[in-house]
Engineer: 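This structure is in structure tokens; I'll ask about it shortly.
Index from 1, following the sequence. All ligand and atom numbering here is 1-based and tracks the order in the structure. These numbers come from the heavy atoms of this one structure, side chains and all, not from hydrogens, waters or symmetry mates.
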Amino acid sequence: MQKKVTKIGVLTSGGDAPGMNACIRAVVRTGLYHDLEVFGIIRGYSGMIEDDIIPMNSRSVANIIQRGGTILKTARCPEFMTPEGRKKAYNNLKKRGINGLIIIGGDGSFRGAQIFSHEYDIPCIGIPGTIDKDIAGTDFTIGFDTAVNTAIDAIDKIRDTADAHDRLFIIEVMGRDAGYIALHSGISTGAEHILIPERKTDMESLLRSLHEKEKRQKLVNLVVVAEGDDFGGGNEVAKTIKERMPNVDMRVVILGHIQRGGSPTCLDRLLASRMGYSAVECLIEGRNNVMVGIMNNKMHYTPLDNAVKAKQKISDEWMKIVKILAS
Ligand code: F6P
């Protein structure tokens, strides 16, 4: 029988995502509502190992719901993947009596939590916070909607100048292993081509299509490329196009980390608030080693082990839509 949770720790880990602050706020205030003591762990698992842990109250999370980044800071922490690192982290939680942990992060962060919760008697609940939306067991991850809207805003602006000069633009968006930002932002901005890590890039077919559009005098062409596309990202794609179409007027834009910052959208604030609330409820109900997600607008709980292994799948129908709408 799991012990009653009385003191909880919350941390953000991996790449930051807009909405993480709204989620920390929800965790802290729900915890306090249930008379729990809440601790913030600074810089993810690094803070657990280095004992950088602070008590939090309602005022600690005032005025943050609208802010990007994370007030708890974040880091990727290879030391937590070692038994020695996890032992140090456990001792630091234990000496404060922390008996429940909430981890806001991506699959790498969940992998750490999964091992930790199997080794030690501290239940762990994961909340998916990553702009990449590459975690199974949830329709959305915190930060994705904001990142996509940032990308859309930028690509719309690029379209204006592309149109003025009749130019081809190659726009690289984030997504090392996942093409969701590319797919959603590309469809929403009317991109002609979208290249993603989940599909092999067919450069010959892309070139054929660009030639054909040139003949039809379709001069504005936007190609959205996920950074993890198998061809090597925006610069590589542009290099090959230039070699094969030397006269093409083309520019490359790498959107980069602007996609990670900024004030979270309504959707991200709602997700963050609901998931943060629900993660605390999970600990109180005695759940362990699960990720809180939202599917079909309902809370959904996935064992961390599965959340780590599986990825969301990109449907072929979405790819068909891209093709038909870009003609
Ligand atoms: O996982 C989120 C993400 O933004 C990826 O899309 C991107 O590849 C990576 O993080 C970049 O990480 P860093 O900020 O460490 O360069």
Engineer: Say whether R167 and T161, considering side chains only, have a donor N or O and an acceptor N or O under 3.5 Å apart.
Structural biologist: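 No, because no side-chain N or O of R167 sits under 3.5 Å from a partner of the opposite role on T161.
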Engineer: What heavy-atom pair brings A326 and E192 nearest, and what distance separates the two atoms?
Structural biologist: CB-O, 3.4 Å
Engineer: Does K7 count as lying over the ring of F39, i.e. NZ or CZ under 6.0 Å from the six-ring centre, within 45 degrees of the axis?
Structural biologist: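 Judged by the rule, K7 and F39 form no cation-pi pair.
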Engineer: Looking only at protein heavy atoms, which one is nearest to atom 8 (O) of ligand 1, and what is the separation?
Structural biologist: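 Result for atom 8 (O) of ligand 1: E227 OE2, 2.5 Å.
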Engineer: Mark up the atoms of ligand 1 that fall under 4.0 Å of a heavy atom belonging to I131, in ascending order.
Structural biologist: 4 (O)
Engineer: Starting from atom 1 (O) of ligand 1, which protein heavy atom do you reach first, and at what distance in Å?
Structural biologist: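 The answer is D132 OD2, 2.9 Å.
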Engineer: Angle between ring planes, F80 versus Y45, binned at 30° and 60°: parallel, tilted or perpendicular?
Structural biologist: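 Because their plane-to-plane angle is under 30°, the rings of F80 and Y45 count as parallel.
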Engineer: In Å and rounded to the nearest 0.5 Å, what is the CD1 to CG distance from I181 to L255?
Structural biologist: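 Spacing of CD1 (I181) from CG (L255) equals 10.0 Å.
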Engineer: Suppose we measure from atom 15 (O) of ligand 1 to each protein heavy atom; which comes out shortest, and what is that distance?
Structural biologist: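 Protein heavy atom at minimum distance: R76 NH1, 2.6 Å.
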Engineer: Check if G175 has a non-hydrogen atom at a distance under 4.0 Å from any atom of ligand 1.
Structural biologist: yes
Engineer: May I ask you to identify, for I181, whether its side chain, its backbone, both or neither come under 4.0 Å of ligand 1 on a heavy-atom basis?
Structural biologist: neither
Engineer: I'd like the name of whichever of Q259, R260, M174 reaches closest to atom 12 (O) of ligand 1 through any heavy atom.
Structural biologist: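 The option holding the nearest heavy atom is R260.
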Engineer: Side chains of R29 and S273: any donor to acceptor distance under 3.5 Å?
Structural biologist: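 Result is no, nothing qualifies.
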Engineer: Test of understanding: given a 4.0 Å heavy-atom threshold, classify the contact between H257 and ligand 1 as side chain, backbone, both, or neither.
Structural biologist: side chain
